[in-house]
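Just so we're on the same page: letters track the sequence lines, and every chain starts at 1. All values below were derived from every heavy atom in this structure, side-chain atoms included, with hydrogens, water molecules and symmetry-related copies excluded.
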4 protein chains.
Amino acid sequence: MGANASLQDCIQDCLRCYQACQSSAAGMCLEEGGAHVAPEHMRLMLSCAEVCRTAAAVMLNQSPQHPAVCRACAELCTACAGSCAAVGGMDECVQACRACAESCRQMAA
Amino acid sequence: MGANASLQDCIQDCLRCYQACQSSAAGMCLEEGGAHVAPEHMRLMLSCAEVCRTAAAVMLNQSPQHPAVCRACAELCTACAGSCAAVGGMDECVQACRACAESCRQMAA
Amino acid sequence: MGANASLQDCIQDCLRCYQACQSSAAGMCLEEGGAHVAPEHMRLMLSCAEVCRTAAAVMLNQSPQHPAVCRACAELCTACAGSCAAVGGMDECVQACRACAESCRQMAA
Amino acid sequence: MGANASLQDCIQDCLRCYQACQSSAAGMCLEEGGAHVAPEHMRLMLSCAEVCRTAAAVMLNQSPQHPAVCRACAELCTACAGSCAAVGGMDECVQACRACAESCRQMAA
């Protein structure tokens, strides 16, 4: 039950981070241009969104292998939070990435 | 160039394994029933397909973080190859999972 | 603003339906067996989940082409609601599919 | 058998178009900048990739509802081919989108 509660929380954190990264990359970043569309930054945003969505899927599938995917997700979210903080003006993504990274790190432990 | 060649190979191995697992899970496994639809087996098949597809996406995105995802992919493919071998009659999946696991392991190194 | 509000609502309906279908297919259906794992039913559940997730993605991307995807999504959700109602004991999926179908139909109009 | 052959062809056309659009959007477009990262163009590239991948998934799942998804895919591929042709220097994407649009149109008929 405790485990189920935290699994549910992690799924929600992953889907929230997916939405923040996907909508910011395709929305605000493309509109702002400049550092927001630097290749490294955009690739990380898009890849972070992709991996968050997949971590959620593997947990929704109740796969015992989800820790491996959560570990990868935590790594991308941490990198993405750093990139968003460096670019600036992306507080929603920074918060969502940090929350998801922390949640996935616990799930991977 | 060598690096690019092996990245391309790994993307193809991931997409081949994605197709083998997705089409076998939704095709042959559902038709055969029995051990083929055991929850643990089906969840692993579906999750392996999902992660293979995402590993390919992150490599297509040229993300420097792809090794983290390839590491997770290798772990799921290895588990899926074992499950498919135990169930039996799933040689195409076993081969595709083993090839993808080996390819992703090298990419993650 | 009204348009944005309904776009946001539709994204949430799609992600809710995605979660309901994916977790029920890989969870309850595989555990129950019988009619719950009939090939036609499971294929529709998995495909409905996939298309819901993609409709959400295309709306998060702010693509002007989202009505085409919402139209397909409404069609699969309607079929999936019918299949879930026929199988029985799947009220959460039936509700989520109907809400998503209605939401996507309006978005496609 | 003829039907199966063309379904297989359409899956391959979708996965080829997915790869062309995803790798060009995250690769060449971000490196070139200018018209290549215009919001409308990038959103269409990313959405086209997403829908192609999902059309392939629904066909791999053997879902009888695949024509609805192929119809949406043909629409996005046609729009994406037009956008890529207008931007210029994107012949691989133009070809892949046109081939996938034609293949999906036949599958949707």
* To do: Taking all non-hydrogen atoms of both residues into account, name the closest pair between B:A68 and A:A72 and its distance.
  =>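 Closest approach of B:A68 to A:A72, heavy atoms only: O-CB, 3.4 Å.
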Kindly provide each donor-acceptor pair between chain A and chain B shorter than 3.5 Å, listing atom names and distance.
from  : atom 1 : to    : atom 2 : distance (Å)
A:R43 : O      : B:S63 : OG     : 3.2
A:S47 : OG     : B:N61 : ND2    : 3.1
A:S47 : OG     : B:S63 : OG     : 2.4
A:E50 : OE2    : B:T54 : OG1    : 3.4
A:T54 : OG1    : B:E50 : OE2    : 3.3
A:T54 : OG1    : B:T54 : OG1    : 2.5
A:N61 : ND2    : B:S47 : OG     : 3.1
A:S63 : OG     : B:R43 : O      : 3.2
A:S63 : OG     : B:S47 : OG     : 2.4

* Asked: Where on A:P39 is there a heavy atom nearer than 4.5 Å to chain B: the side chain, the backbone, both, or neither?
  ->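 For A:P39, there is no contact with chain B at all, as no heavy atom is under 4.5 Å.
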